Undergrad: 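Below: one structure in structure tokens.
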Amino acid sequence: MCPPKNFVVEYAINAWMDTAVPVDTELAVKQWAQLRDGVADLGHTVHLLTPGDGLPDMVFAANGAFSVDGAVYGAQFKYPQRAAEADSHREFYLDRPDEWRFVAPTETNEGEGDFTFVPDAHGGLILAGYGFRTEPAAHAEAQEVLGRPVISLKLVDPRFYHLDTALAALTDDNIIYYPPAFSESSRAMLRQLFPDAVIATETDALGFGLNLVSDGLNVFLNTECTALADRLAAEGFRPVLFDLSELKKGGGSVKCCMAELRA
Ligand code: ARG
């Protein structure tokens, strides 16, 4: 019913971006390990990426690449602090040439932070965000590399600076999203393409509730989002909750920590 998935995550947490909010590094590593183990315990394969020196945000592995059907579109980070992370992700795929066809980007894009794939929606759609990090030109480039239609969605609220803070695939053909994070036109497109989407509240979105990973049955999300977890349970999903309070201080939650590998 729910085929196991593949993910790539970084294997440790070495530093943090927001020095104004102290992070308990030991607790952060513990929380991250619980997430890694929790996903693996439910039958998914988790690959680990070696952390890079001086790359405090590398724990947010979602941003390093985006794959569909064995093709991988590499990331090109907006800010120099994260630029070198793309190299580690690229190496991961280039080391496995039988499994992956890696294509280096020429346009700024932050991988699965701004791209997601809904395989059974309209024959397979890539949803892509722009407005804060990823450039629209990268959407066109991803479409060429991955050979799937890309729907460009404009993010308009700086609190939701990556697509994966405002929208997630819940099943192979449906999504959950927070409409006010998107421009009027983008909301209209989402309504047209996903009339049965689950609509999230501001509380869900602000608690990083949309920064979730779903295998179609189990929905991995953070413990803070109890109301959303109850709603998802009522819809037949199994919420699996993780306390990621320390990772939240770095600007991410469940989804930010893992890139899905779509062979
Ligand atoms: N501090 C990180 C950044 O600003 C957070 C990244 C969150 N990742 C994500 N996939 N939304 O880049």
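Since we're looking at a predicted model, the values are computed, not measured.
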Undergrad: Just so I know, are the side chains of Y93 and R101 near enough to count as touching, which here means a heavy-atom distance under 4.5 Å?
TA: no
Undergrad: List the atom of T106, the atom of E141, and the distance in Å for their closest heavy-atom pair.
TA: OG1-OE2, 2.6 Å
Undergrad: Under 3.5 Å, side chain of R262 to main-chain N/O of S67, donor-acceptor pair present?
TA: yes
Undergrad: Does the distance from a Lys or Arg side-chain N to an Asp or Glu carboxylate O, for K30 and D24, drop under 4.0 Å?
TA: no
Undergrad: Determine whether a donor-acceptor pair (N or O, by modelled atom type, separation under 3.5 Å) exists between the side chain of H139 and the backbone of G129.
TA: yes
Undergrad: Find the distance between CD1 (I175) and OG (S214) and round it off to the nearest 0.5 Å.
TA: 12.5 Å
Undergrad: So do F182 and L190 actually touch side chain to side chain, heavy atoms under 4.5 Å?
TA: yes
Undergrad: If you look at every heavy atom in P105 and G74, which pair is closest and at what distance?
TA: CG-O, 3.2 Å
Undergrad: Where is the tightest heavy-atom contact between C256 and N211, given as atom of each residue plus distance?
TA: N-OD1, 3.0 Å
Undergrad: Does E135 offer a backbone N or O that forms a donor-acceptor pair with the side chain of T108 under 3.5 Å?
TA: no
Undergrad: Less than 4.5 Å apart, any side-chain heavy atom of C257 and any of L247?
TA: yes
Undergrad: For A166, is there any backbone N or O sitting under 3.5 Å from a side-chain donor or acceptor partner on D164?
TA: no
Undergrad: Are F92 and H47, when compared by the centres of their aromatic rings, separated by less than 6.0 Å?
TA: yes
Undergrad: Is it true that R90 and E85 make a salt bridge, defined as a side-chain N closer than 4.0 Å to a carboxylate O?
TA: no
Undergrad: Below 4.5 Å, heavy atoms only, C-beta onward: do E91 and L49 meet side chain to side chain?
TA: no
Undergrad: Do V103 and V68 belong to the same hydrophobic cluster, where Ile, Leu, Val, Met, Phe, Trp and Tyr are linked whenever their side-chain heavy atoms lie under 4.5 Å apart, directly or via other members?
TA: yes
Undergrad: Begin with the C-alpha distance, continue with both residues' side-chain angles, and end with the deciding distance and a verdict on side chain to side chain donor-acceptor pair (under 3.5 Å) for T201 and D204.
TA: CA-CA 5 Å; T201 65; D204 299 333; 3.1 Å; yes
Undergrad: Are the side chains of R133 and Y79 in touch, meaning some heavy atoms are under 4.5 Å apart?
TA: yes
Undergrad: Find out if a path of hydrophobic residues (ILVMFWY) with successive side-chain heavy-atom gaps under 4.5 Å connects L217 to L221.
TA: no
Undergrad: Do F60 and F242 sit in one hydrophobic cluster, given that two such residues count as connected whenever their side-chain heavy atoms are within less than 4.5 Å of each other, even indirectly?
TA: yes
Undergrad: Carefully, step by step, assess N6 and H44 under the rule side chain to side chain donor-acceptor pair (under 3.5 Å).
TA: CA-CA 6 Å; N6 268 309; H44 303 295; over 6 Å; no
Undergrad: Would the distance check show the side chain of K154 and the main-chain N or O of G131 forming a donor-acceptor pair, the cut-off being under 3.5 Å?
TA: no
Undergrad: Begin with the C-alpha distance, continue with both residues' side-chain angles, and end with the deciding distance and a verdict on side chain to side chain donor-acceptor pair (under 3.5 Å) for S253 and N222.
TA: CA-CA 7 Å; S253 189; N222 73 64; 3.2 Å; yes
Undergrad: Which pair of non-hydrogen atoms, one from G38 and one from F220, has the smallest distance, and what is that distance?
TA: O-CE2, 4.2 Å
Undergrad: If you round to the nearest 0.5 Å, how far is CZ of F7 from CG of L48?
TA: 13.0 Å
Undergrad: Run the side-chain contact (heavy atoms from CB on, under 4.5 Å) check on F117 and F66 step by step: do they pass?
TA: CA-CA 9 Å; F117 186 52; F66 174 59; 4.1 Å; yes
Undergrad: Just so I know, are the side chains of L55 and Q81 near enough to count as touching, which here means a heavy-atom distance under 4.5 Å?
TA: no
Undergrad: Quick one: do Y73 and F102 satisfy side-chain contact (heavy atoms from CB on, under 4.5 Å)? Show the steps, please.
TA: CA-CA 6 Å; Y73 179 51; F102 180 88; over 6 Å; no
Undergrad: Can you name the one residue among L35, V39, D37 that meets side chain to side chain contact (heavy atoms under 4.5 Å, CB included) with V46?
TA: V39
Undergrad: Does the side-chain contact (heavy atoms from CB on, under 4.5 Å) test come out yes or no for L261 and W100, once each step is laid out?
TA: CA-CA 10 Å; L261 299 171; W100 304 105; 3.7 Å; yes
Undergrad: Is the side chain of T171 donor-acceptor paired with the backbone N or O of N174 at a distance under 3.5 Å, no angle test?
TA: yes
Undergrad: So do the side chains of V198 and E235 get within less than 4.5 Å of each other, counting heavy atoms only?
TA: yes
Undergrad: What is the distance from atom CZ of F160 to atom CG of L155, rounded to the nearest 0.5 Å?
TA: 10.0 Å
Undergrad: So, taking the atom named OG1 in T116 and the one named CD1 in I151, what distance separates them when rounded to the nearest 0.5 Å?
TA: 13.0 Å
Undergrad: Between D69 and L146, is there a side-chain heavy-atom distance shorter than 4.5 Å?
TA: no
Undergrad: Looking only at atom types and distance, does a side-chain atom of Q31 sit under 3.5 Å from a main-chain N or O of E246, one as donor and one as acceptor?
TA: yes
Undergrad: To the closest 0.5 Å, what do you measure between CG (D196) and CG (D173)?
TA: 8.5 Å
Undergrad: Just do the side-chain contact (heavy atoms from CB on, under 4.5 Å) check on V72 and V145 with the steps written out, would you?
TA: CA-CA 8 Å; V72 185; V145 169; over 6 Å; no
Undergrad: Is there a path of hydrophobic side-chain contacts, each under 4.5 Å between heavy atoms of I, L, V, M, F, W or Y residues, that connects V219 with L42?
TA: no
Undergrad: What are the two closest heavy atoms between A169 and L212, and how far apart are they?
TA: O-CD1, 4.2 Å
Undergrad: Is the gap between the ring centers of F132 and H162 under 6.0 Å?
TA: no
Undergrad: Go through it in stages, so that I can follow the logic: the residues are T134 and D114, the test is side chain to side chain donor-acceptor pair (under 3.5 Å), and I'd like the CA-CA distance, side-chain angles, deciding distance and then a yes or no.
TA: CA-CA 7 Å; T134 295; D114 276 320; 2.7 Å; yes
Undergrad: Could you check R159 against E202 for salt bridge (Lys or Arg N to Asp or Glu O under 4.0 Å), going step by step and ending with a plain yes or no?
TA: CA-CA 11 Å; R159 295 175 301 173; E202 185 176 35; 3.2 Å; yes
Undergrad: Do L163 and F194 sit in the same hydrophobic cluster, where Ile, Leu, Val, Met, Phe, Trp and Tyr count as joined when their side-chain heavy atoms come under 4.5 Å apart?
TA: yes
Undergrad: Do the side chains of E260 and K255 get close enough for a salt bridge, i.e. N-O under 4.0 angstrom?
TA: no
Undergrad: Would you say Q76's side chain and N109's backbone share a donor-acceptor pair under 3.5 angstrom?
TA: no
Undergrad: For S152 and S186, which heavy atoms make the closest approach, and how far apart are they?
TA: O-OG, 4.2 Å
Undergrad: How many angstroms lie between CG in L210 and CG in L228, if you round to the nearest 0.5 Å?
TA: 6.5 Å
